Colleague: 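Once you've had a glance at the structure underneath, I'll fire off some questions.
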Number of protein chains: 2
Amino acid sequence: MDLPVLIKTLRNALQHDTLPLLREQLEDVHPADYAAALTEFSATELWSLLTVLPRAEQAEVFGYLPAEVQVSLAISVSRRKLSPIIRQMSSDERADLFNQLSDEQRDTLLPALAQAEREDLLRLSAHEEGSAGAIMTSDYALLPPELTVREAIEVLRLEAPDKETIYSSYVVDEARKLIGVVSLRDLILAPVSMRVDDLMNTDPIFASVELPQEEIASLIAKYDLLALPIVNSEHQMVGIVTYDDAMDVAAEEATEDFHKTATIGKLDGNVKNAGIGLLYRKRVFWLVVLVFGNIFSGAGIAYFEETIARYIALLFFLPLLIASSGNAGAQAGTLMVRALATGEIKLRDWGYLLGKECLVAGLLGLTMSAAVLGLGLWRGGADIAIVVSCTMMLVVMAGSLIGLSLPFLLSRFNLDPATASGPLITSIADVTGVVVYFSIATWYLGL
Amino acid sequence: MDLPVLIKTLRNALQHDTLPLLREQLEDVHPADYAAALTEFSATELWSLLTVLPRAEQAEVFGYLPAEVQVSLAISVSRRKLSPIIRQMSSDERADLFNQLSDEQRDTLLPALAQAEREDLLRLSAHEEGSAGAIMTSDYALLPPELTVREAIEVLRLEAPDKETIYSSYVVDEARKLIGVVSLRDLILAPVSMRVDDLMNTDPIFASVELPQEEIASLIAKYDLLALPIVNSEHQMVGIVTYDDAMDVAAEEATEDFHKTATIGKLDGNVKNAGIGLLYRKRVFWLVVLVFGNIFSGAGIAYFEETIARYIALLFFLPLLIASSGNAGAQAGTLMVRALATGEIKLRDWGYLLGKECLVAGLLGLTMSAAVLGLGLWRGGADIAIVVSCTMMLVVMAGSLIGLSLPFLLSRFNLDPATASGPLITSIADVTGVVVYFSIATWYLGL
C-alpha cells in the first residue's frame, strides 16, 4: 500500500470510528511503512492507531517511529499503557529511548519493567554515547559448546522469538568469554550429531565495547558480517551489533561528515523537524569564527591599498583568483577527508599524496592560467594579463597543497579531519590569494 | 592476525619458499584480510600467494580484491589458470569484473565458463550501470510453494553451498512470478509438515531491475532486509541484492555526494590508486566553469570602481562580507542536499523550509551584524560601520535563501541537487555580496 493511500485509510478509520476493522485490512503493511504513516497524526490519534495492532507488532512499529515521536509518546502516555510496548521492544531500541528521557521520566518508566529487563536497560544505557556499547543489543543467541547440532537447532527454535538474530550464535566458556561463533547456515549443513565446538569458527571477528560506533560499522561492512560480537575488557561477551544498526550508523556518520563540509555542527534527527534555535546554534559558531578568519584577507587588501589605488583594474580579477584557489583547495581537502573517513588512506600516505597533488595541481594551475590569460589581455592589457596568469598558477597550487595537507595535520593532532572543510580552506586560500596577487602586481608593475 | 604481521608472514613464506606451509598457518585468517594483505605484493607474488589456498577460498579472496587488481590479474594470468577461480565467484562479483574488461578480454574469458554460467554472466552484465540489475546476484534460493517445511529445509541444505544466502528463500509460480518470501528463521520455527505457501509472506518488498541502486540500498536500509528480490517488468524473479552489497552502494553514493560538495566528478575506485590524468579530468571542469562565474563578481566591482576609489577603506570588509554570505549559503544548501538524498525531505517541503530558513538566517544575520559592527567602527568610523553592518544582515539572509533554494530548483528540473555545492553557491553569493555592499555604500555615503 502506498504511503498516501495508507494515511488516507487510517484517517478514514479515525473519522468513521472503524478502527477495529483496520487490523485485518493492514495485515500486510510493513511496520516501517505503518510507522511512517503514523507520524502524520497527532499524539492522541497516533496512540489509537498504534494500539489497534497486535501487541508484538505495536512494539515493532513503535521501534520504527522517529526518536522524538517515541519520546513525546513516552512522556504523554500513562506508564500502565506504555509499559507492555516498552517491554516488547528489542533491548537496543529500549536503551536508545531511555537515553533520551530526563532522569524523572526514567524513574517513572523503570518500575514498569521486570527486574531482568531493568538491569539490562541500565547496563546498556550506561555506555558512552557513540561507542559500540551504546548501539549493541543483549538479545543474542548463546550456545553451550558441548551441544550437538541437533540440540543447538532445538535451542535456537525455542529462543528465536526473543532474539535479534539466530543466524549467528555465540559460544562462550564458563567465564562468559567468547570462544566461537557458529552460523545457522553451518548448523543446517552440518551432520546433526556433530558438536557445536567442533563446528564453530574459533577465531571470530569481535570488537571492544568501547570502540567508536563508526569503526563497528566499518568492521561489519569490511567482513560482510550479519552481526558483530562485542566483548568487554575481560573478553567476556556483552552484546552484538547487527548489520541493520551498522547501516544506520554509517548513514548518520556520512550525514555528519557531509554537514561538516559546510561547517555545520552535529545535528541529531531530522532537519525538517529541527527547531529554529537548534539550527541557529549548529550554524553560528563557525560563521562567526570565519568572519574573524577573513579579517586577514581584509588586512592583506588594506596593506596593498596603494597598489590597488594606482591600478584599480586589478580588483576585477580578485574574486576569480581567490575563488579558484579556494575551490581547488576544497577539492583536494574533500578528497582527503572522505578517504581518511573510509580508511582508504592513512596518515602515512601524506607524502605520496602530496607528491601526486603537486602534479595534478600543476596541471590544473596551467589550465586555469591559460583560461584567464585572454581575460587579462582583454580587461587590463599585457602587463596585467601576465600578473593575473602567474598568480593563478601559484594560488591554485598553493590552495591545493594547503587543502590536501590540512586534513592530515588535523588528524595528526587527533582533531577531526572533517573540520578542514571547504569554508575553512577557502578562508586560508583567500588570504594566500590576496597576498600573492598584490605582491606579484606590486613587484611586476614596479610600484 | 594483524595486517602488518600477516604481510610479514606472507613475505617470509615467499622468501624462504615455504608457501605450502601457509595453508595451515592461515586457516583462521578472514578472506577480506588476506585480500588486503595481497594488495601489497606484485602480480606474480600475489598469484603464488592466492593459489596456495583451497579452490573455494581462492574465489572468495579474489572477490575481496580491489576491482583494478582483479582486472590486472584477469589480463595477466592465463585463461586456463584463472577460469576455475572465476567459475567459483558469486555471480554478481563475476559480472562486476566482466564489466570492467575490454571486449577482447571478455572474449578470451567467456569460453572458460560452462554454458549456464556464460548465459547468466551475459544476462547480468547486460544491465545498465547503476541499476539494480547491475548489482544483483542470480545465486538465490528458490522454493516450490507445495513443499513442506521439512522438505524445504532439505532443499536448502543441498543448495546452500552455491547460494549467496539461504536466510531468505523465494517462492515463484510456474511463470516464475514472485509470489512469496520465506525466511530460514520462519522455517526453523514452523511445524515440519506445514506447507511453504502457508508459511510464506505473500506481500514481500521487491524492486524492479531498473531501479537505481541507491534506491535499492535505501529500501534495504528502511525495511532492515537481508536481501531484496528483484523482478523484471513481468514481475518475474530475476535476482536478489543482499545487504552487504547495499552497504557498499550506500558508501559509494555517500562518497560521490561528498565529492560533489567540492565540485569533483564521479570517481570510481580508490583515491590513492587514481591516476594523475583521471584526477585532473574529474576536477578541472567545474574549476574552469566557476572562473567564468566569478567574472560577474569582478564586473560588479568594476561597476563600482568610483565608489571604491573614493572610499578605499570599504575594501577591507569585502572578503569577510562575501565569505559570510557564501558560508551561510553553503550551510543551508548542504543541509538540503543531504536531506533530499536521504529522503528526509521532499520537493514539496520547500515552502515550509524556506519560511523556517528566513527565521534562522535572520538570527544568524543579526549575530553577524553585531559581530562586525565593532570592527566597522574601529576600521572605518560610524558611517562605514552602519554600511557594513546592514550589508552583513542582508547578504547572510540572501546567501542562505539562495543556498536553500538552489537544490530544490535543480531537483525540480531533474538535475542532481548535489551540484548545488559550496563552490557554486559561493560564486552566486559573491556576486550578490559585491552588488549589495557597494550599492548600499554608494547610496548611504551619498556618492
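Every value quoted in this text rests on a predicted model; they were computed, and no experiment measured them. In what follows, chains are A, B, ... by sequence order, proteins preceding strands, each numbered from 1.
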Colleague: Do you know which of A/Ala309, A/Ala32, A/Pro319 has the most heavy-atom pairs with chain B at a distance under 4.5 angstrom?
Modeller: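 Ranked by heavy-atom pairs under 4.5 Å with chain B, first place is A/Pro319.
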Colleague: State whether the side chain of A/Lys222 and the backbone N or O of B/Asp33 hold a donor-acceptor pair below 3.5 Å, judged by distance alone.
Modeller: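 Looks like no, no N/O pair under 3.5 Å.
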Colleague: Which atoms of A/Ala370 are under 4.5 Å from chain B, going by heavy atoms: the side chain, the backbone, both sets, or neither?
Modeller: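 Interface part for A/Ala370: neither.
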Colleague: Under a 4.5 Å cutoff for heavy-atom pairs, which residue among B/His259, B/Lys356, B/Lys282 has the most contacts with chain A?
Modeller: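 Going by pairs under 4.5 Å, I would pick B/Lys356.
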Colleague: Between A/Asn273 and chain B, which part of the residue has a heavy atom less than 4.5 Å away: side chain, backbone, both or neither?
Modeller: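 The answer is the backbone of A/Asn273.
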Colleague: Can a salt bridge be assigned to the pair B/Arg338 and A/Glu252 using a cut-off of 4.0 Å between side-chain N and carboxylate O?
Modeller: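 Salt bridge flag = no for A/Glu252 with B/Arg338.
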Colleague: Return the option, out of B/Asp248, B/Asn294, B/Ile220, with the maximum number of heavy-atom pairs under 4.5 Å with chain A.
Modeller: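 Greatest number of close heavy-atom pairs with chain A: B/Asn294.
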Colleague: Under the criterion side chain to side chain contact (heavy atoms under 4.5 Å, CB included), I'd like the reasoning laid out for B/Glu305 against A/Leu315: C-alpha separation, chi angles, the key distance, then a yes or no.
Modeller: CA-CA 9 Å; B/Glu305 248 169 34; A/Leu315 278 182; 5.8 Å; no
Colleague: Quick check on the interface: out of A/Asp224, A/Leu320, A/Ile301, who has the most heavy-atom pairs with chain B under 4.5 Å?
Modeller: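 Going by pairs under 4.5 Å, I would pick A/Asp224.
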Colleague: Given side chains that start at C-beta, do those of B/Ser183 and A/Tyr167 come closer than 4.5 Å, heavy atoms only?
Modeller: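 In contact.
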Colleague: Within the side chain of A/Arg185, is there an N or O that forms a donor-acceptor pair under 3.5 Å with the backbone of B/Ala160?
Modeller: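 At least one qualifying donor-acceptor pair exists.
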Colleague: Contact part of A/Phe296 toward chain B, heavy-atom cut-off under 4.5 Å: side chain, backbone, both or neither?
Modeller: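 When you check distances to chain B, no heavy atom of A/Phe296 falls under 4.5 Å.
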Colleague: To the nearest 0.5 angstrom, please state how far the CG atom of B/Leu184 sits from the CG atom of A/Leu184.
Modeller: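 The CG atom of A/Leu184 is 4.5 Å from CG of B/Leu184, to the nearest 0.5 Å.
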Colleague: Taking C-beta and beyond as the side chain, do B/Trp286 and A/Asn327 meet within less than 4.5 Å on heavy atoms?
Modeller: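 Counting from C-beta outward, B/Trp286 and A/Asn327 never come under 4.5 Å.
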Colleague: A/Ala371, A/Gly326, A/Ala254, A/Gly275: which one forms the most heavy-atom pairs within less than 4.5 Å of chain B?
Modeller: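 Highest number of heavy-atom pairs under 4.5 Å: A/Ala254.
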Colleague: Please determine, among B/Met368, B/Met392, B/Arg379, the option with the most heavy-atom pairs under 4.5 Å with chain A.
Modeller: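 Counting heavy-atom pairs under 4.5 Å, the top option is B/Met368.
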Colleague: Out of curiosity, B/Ile153 CD1 to A/Ile153 CD1, how far, rounded to the nearest 0.5 Å?
Modeller: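 Output value for this atom pair is 7.5 Å.
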Colleague: First locate atom CG of B/Leu318, then atom CG of A/Leu318, and finally report the distance between them rounded to the nearest 0.5 Å.
Modeller: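 The CG atom of B/Leu318 sits 7.0 Å away from the CG atom of A/Leu318.
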Colleague: Please check if any side-chain donor atom of B/Tyr243 sits under 3.5 Å from a side-chain acceptor atom of A/Asp244, or the reverse.
Modeller: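 Per modelled atom types, B/Tyr243 and A/Asp244 side chains form no pair under 3.5 Å.
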Colleague: By a 4.5 Å heavy-atom criterion (distance strictly below it), what part of A/Ile322 contacts chain B: side chain, backbone, both, or neither?
Modeller: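 No part of it gets close to chain B.
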Colleague: Please classify the contact between A/Val372 and chain B as side chain, backbone, both or neither, with a heavy-atom cut-off of under 4.5 Å.
Modeller: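 Just the side chain, heavy atoms under 4.5 Å.
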Colleague: With only heavy atoms counted, which part of A/Phe317 is less than 4.5 Å from chain B, the side chain, the backbone, both or neither?
Modeller: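 Neither part.
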Colleague: Taking B/Val337, B/Ile295, B/Ile166 one by one, which has the highest count of heavy-atom pairs under 4.5 Å against chain A?
Modeller: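 Sorted descending by pairs with chain A, the first entry is B/Ile295.
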Colleague: For the residue pair B/His30 and A/Asp203, establish whether any side-chain heavy-atom pair is separated by less than 4.5 Å.
Modeller: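 With C-beta onward as the side chain, the pair stays apart.
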Colleague: Evaluate side chain to side chain contact (heavy atoms under 4.5 Å, CB included) for A/Leu287 paired with B/Gln331, printing each intermediate quantity in order.
Modeller: CA-CA 9 Å; A/Leu287 283 186; B/Gln331 287 184 333; 3.7 Å; yes
Colleague: What part of B/Ala36 is in contact with chain A, defined as an atom under 4.5 angstrom from a non-hydrogen atom: side chain, backbone, both or neither?
Modeller: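 Neither part; nothing is under 4.5 Å.
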Colleague: Please give me the minimum heavy-atom distance between B/Ala190 and A/Arg157, naming the atom from each residue.
Modeller: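 So the two residues come closest at O-NH1, 3.8 Å.
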Colleague: Among A/Thr165, A/Val271, A/Leu156, single out the residue with the greatest number of heavy-atom pairs under 4.5 Å to chain B.
Modeller: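 Sorted descending by pairs with chain B, the first entry is A/Val271.
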Colleague: Sort B/Ile276 into side chain, backbone, both or neither according to what part of it lies under 4.5 angstrom from a heavy atom of chain A.
Modeller: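 Both parts, backbone and side chain.
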Colleague: Under a 3.5 Å distance rule, please check whether A/Tyr223 uses its side chain to pair with a backbone N or O of B/Pro31 as donor and acceptor.
Modeller: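 Pair absent, no side-chain N/O of A/Tyr223 close to backbone of B/Pro31.
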Colleague: Check the pair A/Thr367, B/Tyr280 against side chain to side chain contact (heavy atoms under 4.5 Å, CB included), reporting the backbone distance first and the verdict last.
Modeller: CA-CA 10 Å; A/Thr367 313; B/Tyr280 169 78; 2.5 Å; yes
Colleague: What residue in A/Ala341, A/Ala332, A/Gly300 has the most heavy-atom pairs under 4.5 Å with chain B?
Modeller: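 The residue among A/Ala341, A/Ala332, A/Gly300 with the greatest pair count is A/Ala332.
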Colleague: Return yes if some donor-acceptor pair links the side-chain N/O of A/Arg283 with the main-chain N/O of B/Ala328 below 3.5 Å, else return no.
Modeller: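 Yes, A/Arg283 side chain to B/Ala328 backbone: donor-acceptor pair under 3.5 Å.
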Colleague: Using a cut-off of under 4.5 Å for heavy-atom pairs, which of B/Thr255, B/Thr261, B/Ile345 has the most such pairs with chain A?
Modeller: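 Going by pairs under 4.5 Å, I would pick B/Thr255.
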Colleague: Does B/Leu226 reach the side chain of A/Leu226, with side-chain heavy atoms less than 4.5 Å apart?
Modeller: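 They are in contact (side-chain heavy atoms under 4.5 Å apart), so the answer is yes.
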Colleague: Check whether B/Ala299 gets within reach of chain A through its side chain, its backbone, both or neither, counting any heavy atom under 4.5 Å.
Modeller: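 Contact with chain A: backbone and side chain both.
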Colleague: With chain A as the partner, which of B/Asp349, B/Thr202, B/Leu321, B/Asp430 has the greatest number of non-hydrogen pairs under 4.5 Å?
Modeller: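 The option with the most such pairs is B/Asp349.
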Colleague: Let's go through B/Glu357 and A/Lys272 carefully: what are the C-alpha distance in whole Å and the side-chain angles of both, what is the deciding distance for salt bridge (Lys or Arg N to Asp or Glu O under 4.0 Å) to 0.1 Å, and is it a yes or a no?
Modeller: CA-CA 11 Å; B/Glu357 183 67 22; A/Lys272 201 171 149 189; over 6 Å; no
Colleague: Are A/Leu267 and B/Leu335 side-chain neighbours, meaning at least one heavy-atom pair lies under 4.5 Å?
Modeller: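 When only atoms from C-beta onward are counted, B/Leu335 and A/Leu267 do touch, with a gap below 4.5 Å.
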